[in-house]
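Below is one structure, written out as structure tokens; the observations come after it.
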Amino acid sequence: ARRPILNFAPDQSEPSFIIENNNLGWNIDIANKQLSEQLDMFTKIVKSFRSGKLAEPLSEEILSKYNREAQTKLIEKILLE
């Protein structure tokens with residue numbers, strides 16, 4: 001679907017890092033105990049979704065770095081070193 005990602009993971013995780021650095025969506029830090037902050041962010045995301053603001057697809061150029069073929073090539077390179 002190539003839509004923005006809503007990630008529920010610790011901020012210090014690899015998925016959170018990838019999403020944030022490539023502007024692919026939002027991270028909700030499950031280790032953060034500030035539930036009111038997270039609820040506010042989630043509410044804004046849902047409102048944007050309902051209003052159609054999230055209908056734009058993510059960049060194919062950015063996503064192609066993380067497809068199976070690209071990841072397999074990276075693993076192959078690591079294993080052959």
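Here the structure is a predicted model, which is why all the values come from computation and not from measurement. Numbers here are sequence positions counted from 1.
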Any chance you could measure [X], atom [atom1], to [Y], atom [atom2], to the nearest 0.5 Å?
X	Y	atom1	atom2	result
Met41	Leu6	CE	CG	9.0 Å
Lys73	Asn67	NZ	CG	8.5 Å
Leu24	Ile19	CG	CD1	6.5 Å
Arg68	Ile75	CZ	CD1	12.0 Å
Glu81	Lys77	CD	NZ	6.0 Å
Phe8	Phe42	CZ	CZ	5.0 Å

Determine the minimum heavy-atom distance between [X] and [Y], stating which atoms define it.
X	Y	answer
Lys65	Ala70	O-CB, 3.5 Å
Glu56	Pro4	O-CD, 4.3 Å
Glu60	Arg2	OE1-CD, 3.1 Å
Tyr66	Asn22	OH-ND2, 3.0 Å

Flag, side chain of Asn27 to backbone of Asp11, donor-acceptor distance under 3.5 Å: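 Here the side-chain-to-backbone pair does not exist.
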
Expected output: side-chain Thr43 to main-chain Leu39 donor-acceptor under 3.5 Å: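 Yes: the side chain of Thr43 pairs with the backbone of Leu39.
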
Atom CD of Glu61 with >12 non-hydrogen neighbours under 6.0 angstrom: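 Not buried by this count: 12 neighbours or fewer within 6.0 Å.
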
Whether over 12 other heavy atoms sit under 6.0 Å from Glu20 CD: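 No.
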
Would you say [X] and [Y] are hydrophobically clustered, going by side-chain heavy atoms of ILVMFWY under 4.5 Å?
X	Y	answer
Ile45	Ile30	yes
Ile28	Phe49	yes
Ile62	Leu58	yes

Criterion side-chain hydrogen bond (donor to acceptor under 3.5 Å, both in side chains) on Ser16 and Asn7, from CA distance to verdict: CA-CA 7 Å; Ser16 296; Asn7 179 46; 3.0 Å; yes

